Every structure is written in structure tokens, then in C-alpha cells.
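Nothing here was measured: the structure is a model prediction, and the numbers come from that model. In what follows, chains carry the letters A, B, and so on, assigned in the order in which the sequence lines appear, proteins first and then strands, with residues in each chain numbered from 1.
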There are 2 protein chains.
Amino acid sequence: MLQPSLSVGSPIAGLARALDFPSRATIVDEGEPARAIYRIVSGHVMVSRFLPDGRRQIFEVLGPGGVFGVTPNGHHDSAAEALTEVRLMAFDRQAAERSSEFNAALADLLKAQLCALHDHAVLLGRKSAVERVMSYIEDLIGVADAQHADDDVAIVRVLMTRSEIADYLGLTLETVSRAFSQLKREGVIGYERHDGPMTVDLKRLKRLTGRNL
Amino acid sequence: MLQPSLSVGSPIAGLARALDFPSRATIVDEGEPARAIYRIVSGHVMVSRFLPDGRRQIFEVLGPGGVFGVTPNGHHDSAAEALTEVRLMAFDRQAAERSSEFNAALADLLKAQLCALHDHAVLLGRKSAVERVMSYIEDLIGVADAQHADDDVAIVRVLMTRSEIADYLGLTLETVSRAFSQLKREGVIGYERHDGPMTVDLKRLKRLTGRNL
DNA sequence: CGAAGAATTGAGGTTAATCAACGAGGGTGG
DNA sequence: CCACCCTCGTTGATTAACCTCAATTCTTCG
């Protein structure tokens, strides 16, 4: 997928500043006034929201090129947390919104996000626990689709805890753990340590997800 | 919420043509090449996607001002169906994408949609059946928030069938029906005929949703 | 070594899905 | 006009999936 600019060289480059965050840092809080729009240079970021009683839903996990902090009103509707060390470009919101060039580039990025959120809504509304976890694993492989197209096995690293994956997939951490265990028993995935590398048998995964998605 | 133009008077007005559809007509099919971007003038539209095995997820229900048919690639990722008689403005996609003015206006609309999809993801991932139906009823009242702010009772019309509501809320039609029955028993809502007007006791609804959202 | 955080696994409970029957309009054709 | 059918909604009984509670292990870190 094309990644529009929003970067140096563009006339709005002057509005941007680089920012770094350590792993697990909170970048924006829910409800906070929206002063900037952020683009990820390197690292990964989770975007989430809490219900008053503590239930959490993670909407998206963004990698390099991803954008967050966009809001229709003046306040962030969701929080953003660094999943790894992160380098960001921060664009002053007020100034950026006045630049039609910025908005046009942003529109392209938002279109892709919209599509991703549609995928995720299908997952949350209509897929079983194991299907959700398989979709998650496919996401992990992600653009690697290209580089793994002819491979039998992909190797990925799970950056999120079971609890975070659960809040992303609309499950509990126990159900996520059981789904991982089941897929491991079935030989779809393999790992020694949960924070180590995970191997994915692409053929088996495709066979399981191919039929229904 | 502000509704940016994308309308007559704008320099891209020449790219637009008006279209009418009868109730229940299919406006765009999933997978179809994306020739246009649509804005609703009047009426309501559902946007949805199917899994290969027939499971359906409805992403959003759009009213006047709503936009659909936006896609990051050349093909529609979802279908759109008229829920009522609908009048649309259709913007030629190729031409519109070249207009930074169009894209800028579109960005504002997409921001609002993004926020709405976040709300919906929380609903799908983290709310119980009755909570989902209550949220749906709140949506029905919608902007009426303003005009009903001092009222005790709102009167709304449910345009969707139980099956459509189920596919919107990630439930089965039976569960939706039971939730409606329960809320009726509890006096939160009232109706004689399912296709007739429905009264909503706003105080009771707020009391139930207020705590947890 | 002990404590804290994360994952796994088991047992049991709850919610929502599934299967099934029935009733209420609305349309169509005899 | 009425009988029939078809769609939609409601409700009940049962099942299955997932959640909750709880115990245990593993790893890391002080």
C-alpha cells in the first residue's frame, strides 16, 4: 500500500517536530486536548479506549507510517501507548488543519485506517476466539505477506501481552492463551518462550483461515 | 458536528451528479471497482461486509451528510444498501482524488467516521447484548440529543429489521429480540408494532447507560 | 532467594447461540 | 374476498462458547 508523504520536503514540514518515547510510555491520554497529529517513524503504537468501569478496547496497533491523534473535535477520543521504543513526527494540529495539502495527504492515510477498522469490526462482531487469534497472527506477519509469499514458515515476534491481545480481540486473556495453546498443539504455530520468536506454519494457517476468511 | 461542504458551490461540484435509489436497493457491491464516492443528501444507508460463509457485519448506518464508497485501493471493501429512499451526490473518484480541496473536505468527514468506528469497536468488543441494544437506541435518538435534551421521552422509528440490527451489533436476531423485549418489560422503551414508532424513556435509558457508558 | 508479573491450565458458571415452534401482518392469486 | 404464503418477530428449551475464579509454573529483577 502506498504511504503518502506527510514528511520532510512537504511544505508543512516546518510544522513537524520529532519525538521519542520509551517502550510502554503513554503518548496521548484519552480526553486530552488534541494539540498534535502523530505519524510513526519507527516502532509500534497501540490506540485504545476505556469504558468507565475499566473495560478496555484496543482499536489498532500501528507500525511505521501509521497515524494517530486524529479527532473530529478538539479532544482525543482514545489513548495511545508505545509498544516499543518509538520515534514520531508530531504535526501541530491547528496549523496542519489549515493546510489543505496536509489534509489531502491525511485523507489517504485515513482511508486505509477506515478499511482496517472495517476488518477489525468483522473480527469483533463475527469471528470465534480461535479465528480472531488466527487473524491476529496473520496481521503480525502483515506486509511480510510479500516476503513470505513463497516460504512455508514465517517467524514473527509477539510484542503484546496476552492481556493486551485480549483487549485488542475482544476476548479475555485466558481465552487468548487457550487459543494460542490450541494452535500450538495443532502445529500451526510454535514457540518456546512467549516473549521469544514464534514460528508460523503458513500453509496450515491459510488452510484454516482460507475457507471462512 | 460541522458538516464540511462537498457540495454545490465548491469547485469540484462539476464532478458530482445526483442519484436516487429506492428503499432496500443495493448501491454498491463488495469488491466492485470504485468509480465514485457518495454523499447522502437524504435517507439512510447501511455499509456492510460478508464473510465467505455468509456471516455479515454491518459497520455503520449513515444518515444525511454521511459519506461512503471511500477506499484506499481501487475496489470497494464493503457493500452499501439503501435503508430508505435515498438521494445521493456521487463524485467521480478519479477526478475527486486529484482535487486537494475535495480530499481536505473528505478528511474532516473521515475523522468523524473514524471516531464513530471506534465507538462501534468498543461496543462489539466489550459490551453485553443489552448494552449494545441500549447503545443502538441512543444512536437512533442521535443528534436528537439536542432537541430532546429537556424532554423525558423521545420517539424514534426503527428502520432496520432485527436481523440487520443483529448484524450491526454482532449478535443474533433472537438475542436482539430478547433485549428489546427486556427493555420493554423494564419500561425503558415502548411500542405496539415493531415497525411503528418507539418511545424511549430517556431518564431510564441514561440511568442504565450512564454508569458504564 | 523472594517477590512480582505474565502465561498456562483446570473447574465451574453465565451469556449468548442454536434449534425450534408459533403468531402477526402484508401480498398474491384464486 | 379469502386462503395461502412469506417474511418478520417473539418466545422457549437446550447447547456451546466464552468468562470467571483459582491454582500453578516460569521468568525476571531486586
Side-chain angles (χ1 to χ4, degrees), chain A residues 22-24 46 51 53-58 81 83 123-137 157-186 188-198 212, chain B residues 22-24 46 51 53-58 81 83 123-137 157-186 188-198 212:
Chain A
S23 181
R24 300 289 155 183
M46 300 189 293
L51 290 178
D53 63 1
R55 286 176 283 182
R56 174 172 66 163
Q57 181 63 47
I58 296 173
E81 184 179 333
L83 206 48
L123 181 150
L124 292 173
R126 289 294 174 222
K127 291 190 187 177
S128 72
V130 173
E131 287 177 319
R132 293 181 203 202
V133 170
M134 290 192 298
S135 295
Y136 176 71
I137 293 169
R157 196 167 282 274
V158 179
L159 298 170
M160 295 160 76
T161 66
R162 296 289 186 259
S163 171
E164 287 162 350
I165 296 170
D167 287 342
Y168 182 49
L169 301 180
L171 301 167
T172 60
L173 68 93
E174 293 96 330
T175 300
V176 171
S177 183
R178 279 184 243 271
F180 270 98
S181 297
Q182 182 187 325
L183 291 171
K184 192 179 176 187
R185 270 197 307 279
E186 293 172 352
V188 179
I189 58 175
Y191 56 91
E192 295 305 315
R193 304 157 40 78
H194 55 76
D195 53 348
M198 185 174 78
N212 305 325
Chain B
S23 181
R24 300 289 156 184
M46 301 189 292
L51 289 178
D53 63 0
R55 285 175 284 182
R56 175 173 64 164
Q57 180 62 47
I58 295 172
E81 184 180 333
L83 205 47
L123 180 149
L124 293 172
R126 289 294 174 223
K127 292 189 186 176
S128 73
V130 174
E131 286 177 320
R132 294 181 201 203
V133 170
M134 290 193 298
S135 295
Y136 175 71
I137 292 168
R157 195 168 283 273
V158 179
L159 297 171
M160 295 159 76
T161 66
R162 296 290 186 258
S163 170
E164 287 163 351
I165 297 169
D167 287 342
Y168 183 48
L169 301 180
L171 300 167
T172 60
L173 68 94
E174 293 96 329
T175 300
V176 171
S177 183
R178 279 184 242 272
F180 270 96
S181 297
Q182 181 186 325
L183 291 171
K184 192 179 177 188
R185 269 197 308 277
E186 292 171 354
V188 180
I189 58 175
Y191 55 92
E192 295 305 315
R193 303 158 41 80
H194 55 76
D195 53 349
M198 185 174 79
N212 306 323

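Of the residues near DNA chain C, A:M160 and B:D195, the one whose nearest nucleotide (by heavy atom distance) lies more toward the 5' end is A:M160. Nearest-nucleotide positions on DNA chain D for B:S163 and B:R178 put B:S163 closer to the 5' end. Residues A:Y191 and A:R126 each lie close to DNA chain C; by heavy-atom proximity, the contact nearer the 5' end of the strand is made by A:Y191.
Note: CZ (A:F180) to C1' (C:dA6) measures 13 Å, nearest angstrom. To the nearest angstrom, C1' of D:dG12 lies 13 Å from CZ of B:R185. Between the C1' atom of D:dC8 and the CD1 atom of B:I165 lies a distance of 12 Å, rounded to the nearest Å. Here the P atom of nucleotide D:dC19 and the CZ atom of A:R162 are 15 Å apart, to the nearest Å. Between the CG atom of A:L159 and the P atom of C:dA7 there is a distance of 12 Å, given to the nearest Å. Atom-to-atom, NZ of B:K127 to C1' of D:dC18 comes out at 20 Å; the value is rounded to the nearest Å. One atom, CD of B:Q182, and another, C1' of D:dG12, lie 16 Å apart when rounded to the nearest Å. Residue B:E174 contributes atom CD, which lies 11 Å from atom P of D:dG9 at whole-angstrom precision.
Taking a cutoff of 4.0 Å between a charged side-chain nitrogen and a carboxylate oxygen, B:D167 and A:R126 qualify as a salt bridge. Taking the charged nitrogens against the carboxylate oxygens, B:E164 and B:R24 do have a contact shorter than 4.0 Å, which makes a salt bridge.
Inter-residue side-chain proximity for A:Q182 and A:V188 is flagged as unmet; no heavy-atom pair is nearer than 4.5 Å. Contact of the B:F180 side chain with the B:H194 side chain is not registered, since no non-hydrogen atoms from C-beta on lie closer than 4.5 Å. For the pair A:E192/A:P197, no side-chain contact is recorded, criterion being any heavy-atom separation below 4.5 Å from C-beta on.
Ranking C:dA16, D:dC19, C:dT9 by closeness to the A:S181 side chain, first place goes to C:dT9. Of the candidate nucleotides C:dT9, D:dC8, D:dT11, D:dT11 has the atom lying nearest to any side-chain atom of B:S177.
B:T172 comes within 4.0 angstrom of a nucleotide base, judged by non-hydrogen atoms across all strands. Residue A:L171 is in sugar-phosphate contact alone, with no base atom involved, counting any heavy-atom pair closer than 4.0 Å across all strands shown. Nucleic acid contact for B:T161: sugar-phosphate only, since backbone atoms but no base atoms lie under 4.0 Å from a heavy atom of the residue.
Side-chain to base pairing of B:E164 with D:dC8: no donor and acceptor N or O lie closer than 3.5 Å to each other.
Distances shorter than 4.0 Å separate some side-chain N or O of B:R193 from OP1 or OP2 on C:dG26.
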